[in-house]
Amino acid sequence: MSILVLVLLAFTLGHFLLELLASLLNTRSSKQPLPEGFGDVYSQEEYDRAREYQAARERVSHWESTIDLIVLLVFWFGGWFGWLDDYLRAVIQNDILLGVVYLGLLSLGKRLVGIPFEIWSTFGVEERFGFNRTTPGTFIVDTIKGVVLSLLLTTLLLLVMIGFFNSTGQWGWVWAWLGVSAILVAFMVLAPMLIMPLFNKFTPMPEGELRTRLLAMAEACNFPVGRVEVMDGSRRSTKNNAFMAGFGKTRRIALFDTIVEKSPVGELLGVLAHEIGHWKKGHIPIRMLLTVLNIGFTFFLLSLCLHWKPLFDAFYVSQPGVHTGLLVFGLLYTPLGVLVHLCITWLNRVQEFQADRFAAELTGDAETMISALKRLSVNNLNTLTPHPLYVALHYDHPPLPDRVYALRQLEQSKN
């Protein structure tokens, strides 16, 4: 076994152990007492239930990541990555079609391996804790739609990547970067109109106090709203949420019907003000820019590895190619990818604080914003004392106590 194989294996196992350590530390950290100031929304019984829910979700995650690791190691050291490439090369002469079929089959296989864990999570964990409303029929239809859409998008991206890498020489990574970035931006623009309605029903928010005050708030901060809608989130889950998506005329503000049913108008305005804050503070363009830059950096590194034969030998792939290069580069990129992910999640948490502050200042009512955040936490059975390592790896939003503390500090600074 070569030094490179040992290094790659260490990267792979190290990443797995890091995630496992973070999960175990988080489970232990969640056993801390209920933080002061949250007894008004959590009884001890409710908080114990939130802890149990967190632990149950972690068990599913542990088993899924373990099976994923086992499958990866079997394919790797069994030489199946190279075997599949050799087999397809014998029957497919076109490089682009070869890459699409090769990576498409591997992606489909990974998706199929994950389906049992989705079933366990949906009809086991979510059902046990009273969240699930997904019927088996809906689950099957959603899965089929998800697989088809994923394969279509993956195929389009691979056509662009492999086509440019193979046809434009040393600058292929630049053209692939520009092409893939354009597709992803277009997807973000079109998703509210074309993709989301395939999975959920969106209906215009009915006339009433909430709609009137929401539109007035948006107008007051010069924020044009394309559509204000209610989404049938209750069709699949009792969890609460709200989001904003799209650009310009495709921009959509959507509230789950579950949150509309359970929250007072003032709290809903605070939640929507938070979403508006992301746009007014320029968070969405910043996130898009960082995504595009990360794609470019990744493609540049990939271009350096495409002709490094020892990397392909480490995975028992006899003929280097763009499609197999994408595969083997993934493991080599693992440690650097973790660092990039840590930076992105940290920035997301900073932006969440900024959006909270914007919402509190726009509504002039930090306490109502705090109440809304607490209600969302209770309804979604969130624990309040996550471990810092787990937060760094997985939290796009700051832990609730940190958000409440920041809002209280803002309120005190005004007095």
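Here the structure is a predicted model, which is why all the values come from computation and not from measurement. All values below were derived from every heavy atom in this structure, side-chain atoms included, with hydrogens, water molecules and symmetry-related copies excluded.
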Margin query: Filter on salt bridge (Lys or Arg N to Asp or Glu O under 4.0 Å), then keep only pairs touching residues 187-208, sequence neighbours left out; what's left?
Written below: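 Sorted pair list: E207-R211.
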Next item on the list: Please collect all salt bridge (Lys or Arg N to Asp or Glu O under 4.0 Å) contacts where either partner lies in residues 18-43, sequence neighbours excluded, each pair once.
Entry: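 Only D40-K374 qualify under salt bridge (Lys or Arg N to Asp or Glu O under 4.0 Å).
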Under 3.5 Å donor-acceptor, [X] side chain and [Y] backbone:
X: D232; Y: S234; value: no
X: S107; Y: L151; value: no
X: T138; Y: T134; value: no
X: Y395; Y: P388; value: no
X: T385; Y: S29; value: yes
X: T27; Y: S23; value: yes
X: R51; Y: Q32; value: yes
X: Y47; Y: L384; value: yes
X: T324; Y: G321; value: yes
X: T363; Y: A359; value: yes

Check: Taking only residues two or more places apart in sequence, or in another chain, which ones meet I92 in a side-chain contact (heavy atoms from CB on, under 4.5 Å)?
Finding: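 With neighbours one apart ignored, the set is L88, L97, L98, V101.
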Next item on the list: Only counting residues at least two apart or in another chain, list the ones meeting side-chain contact (heavy atoms from CB on, under 4.5 Å) with T298.
Entry: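 Partners of T298 under the side-chain contact (heavy atoms from CB on, under 4.5 Å) test: N294, F329, Y333.
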Margin query: Please check if the number of heavy atoms outside F38 that lie under 6.0 Å from its CZ is greater than 12.
Written below: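 Check passes, neighbour count above 12.
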Margin query: Tell me whether the count of non-hydrogen atoms from other residues, nucleotides or ligands lying under 6.0 Å of CH2 in W120 goes above 12.
Written below: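 Correct, the count exceeds 12.
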So, do [X] and [Y] sit near enough that their side-chain heavy atoms are less than 4.5 Å apart?
X: L21; Y: L17; answer: no
X: D356; Y: L410; answer: no
X: R128; Y: Y53; answer: no
X: V174; Y: F300; answer: no
X: L326; Y: L103; answer: yes
X: L255; Y: M205; answer: yes
X: T345; Y: L393; answer: no
X: N379; Y: T238; answer: no

Show the atom names and distances, to 0.1 Å, of all donor-acceptor pairs under 3.5 Å that link a side chain in residues 185-198 to residues at least two apart or in another chain.
none

Nearest atoms (heavy-atom pairs only) where [X] meets [Y]:
X: F165; Y: A176; answer: CE1-CB, 3.8 Å
X: G79; Y: Y316; answer: CA-CB, 4.2 Å
X: F312; Y: G325; answer: CE2-N, 3.5 Å
X: V271; Y: A372; answer: CG2-CB, 4.0 Å
X: T258; Y: S237; answer: CG2-O, 3.8 Å
X: V265; Y: E209; answer: CG2-OE1, 3.9 Å

With a 3.5 Å cut-off and sequence neighbours excluded, list the donor-acceptor pairs that the side chains of residues 65-78 form with protein atoms.
from	atom 1	to	atom 2	distance (Å)
S65	OG	S61	O	3.0
S65	OG	H62	O	2.9
T66	OG1	H62	O	2.7
W76	NE1	A314	O	2.8

Checklist line | S43: side chain to side chain donor-acceptor pair (under 3.5 Å) partners, not counting sequence neighbours | finding: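 Here the qualifying residues are E46.
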Check: Residues two or more places apart in sequence or in another chain: which of them pass side chain to side chain donor-acceptor pair (under 3.5 Å) with T122?
Finding: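 Partners of T122 under the side chain to side chain donor-acceptor pair (under 3.5 Å) test: none.
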Distance, nearest 0.5 Å, that separates [atom1] of [X] from [atom2] of [Y]:
X: T368; Y: L269; atom1: OG1; atom2: CG; answer: 9.5 Å
X: T135; Y: R236; atom1: OG1; atom2: CZ; answer: 9.0 Å
X: E52; Y: Q54; atom1: CD; atom2: CD; answer: 12.0 Å
X: L381; Y: K239; atom1: CG; atom2: NZ; answer: 8.0 Å
X: L178; Y: F164; atom1: CG; atom2: CZ; answer: 8.0 Å
X: L13; Y: L9; atom1: CG; atom2: CG; answer: 4.5 Å

Note to self: Evaluate L376 against I259 for side chain to side chain contact (heavy atoms under 4.5 Å, CB included), listing each step before the verdict.
What the structure shows: CA-CA 8 Å; L376 284 172; I259 196 174; 3.6 Å; yes
Item checked: Lys/Arg N to Asp/Glu carboxylate O, E45 vs R49, below 4.0 Å ->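 Looking at E45 and R49, the cut-off is not met.
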Item checked: Salt-bridge criterion met for D402 and R349 (N-O under 4.0 Å) ->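 No.
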Item checked: E267: salt bridge (Lys or Arg N to Asp or Glu O under 4.0 Å) partners, not counting sequence neighbours ->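 Salt bridge (Lys or Arg N to Asp or Glu O under 4.0 Å) list for E267, sorted by chain: R375.
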Check: Tell me the ring pair (Phe, Tyr, Trp, His ring centres under 6.0 Å) pairs involving residues 138-157, sequence neighbours left out?
Finding: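 Counting only pairs at least two positions apart or across chains, the ring pair (Phe, Tyr, Trp, His ring centres under 6.0 Å) contacts touching residues 138-157 are F123-F139.
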Margin query: Give me each pair satisfying ring pair (Phe, Tyr, Trp, His ring centres under 6.0 Å) with a member in residues 340-390, each pair once, sequence neighbours excluded.
Written below: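 Qualifying pairs: Y390-H394.
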Next item on the list: Walk me through it: do L106 and K110 pass the test side chain to side chain contact (heavy atoms under 4.5 Å, CB included)?
Entry: CA-CA 6 Å; L106 291 177; K110 181 174 175 57; over 6 Å; no
Next item on the list: Verify the ring-centre separation between F299 and W177: is it less than 6.0 angstrom?
Entry: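 Ring centroids of W177 and F299 are no less than 6.0 Å from each other.
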Notebook entry, point to check: Does a donor on one side chain sit under 3.5 Å from an acceptor on the other, for N132 and E126?
Noted result: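 No, because no side-chain N or O of N132 sits under 3.5 Å from a partner of the opposite role on E126.
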Scan the side chains in residues 281-293 for donor-acceptor partners under 3.5 Å anywhere in the protein, sequence neighbours excluded, and list what turns up.
from	atom 1	to	atom 2	distance (Å)
H283	ND1	H278	ND1	2.9
H283	NE2	Q354	OE1	2.7
R287	NE	N348	OD1	3.3
R287	NE	Q351	OE1	2.6
R287	NH2	Q351	OE1	3.1
T291	OG1	R287	O	2.9

Next item on the list: Please lay out, stage by stage, how L311 and L8 fare under the test side chain to side chain contact (heavy atoms under 4.5 Å, CB included).
Entry: CA-CA 9 Å; L311 181 60; L8 291 171; 3.9 Å; yes
Margin query: Would L84 and Y102 count as a side chain to side chain contact (heavy atoms under 4.5 Å, CB included) here? Give the steps.
Written below: CA-CA 7 Å; L84 179 61; Y102 180 83; 3.8 Å; yes
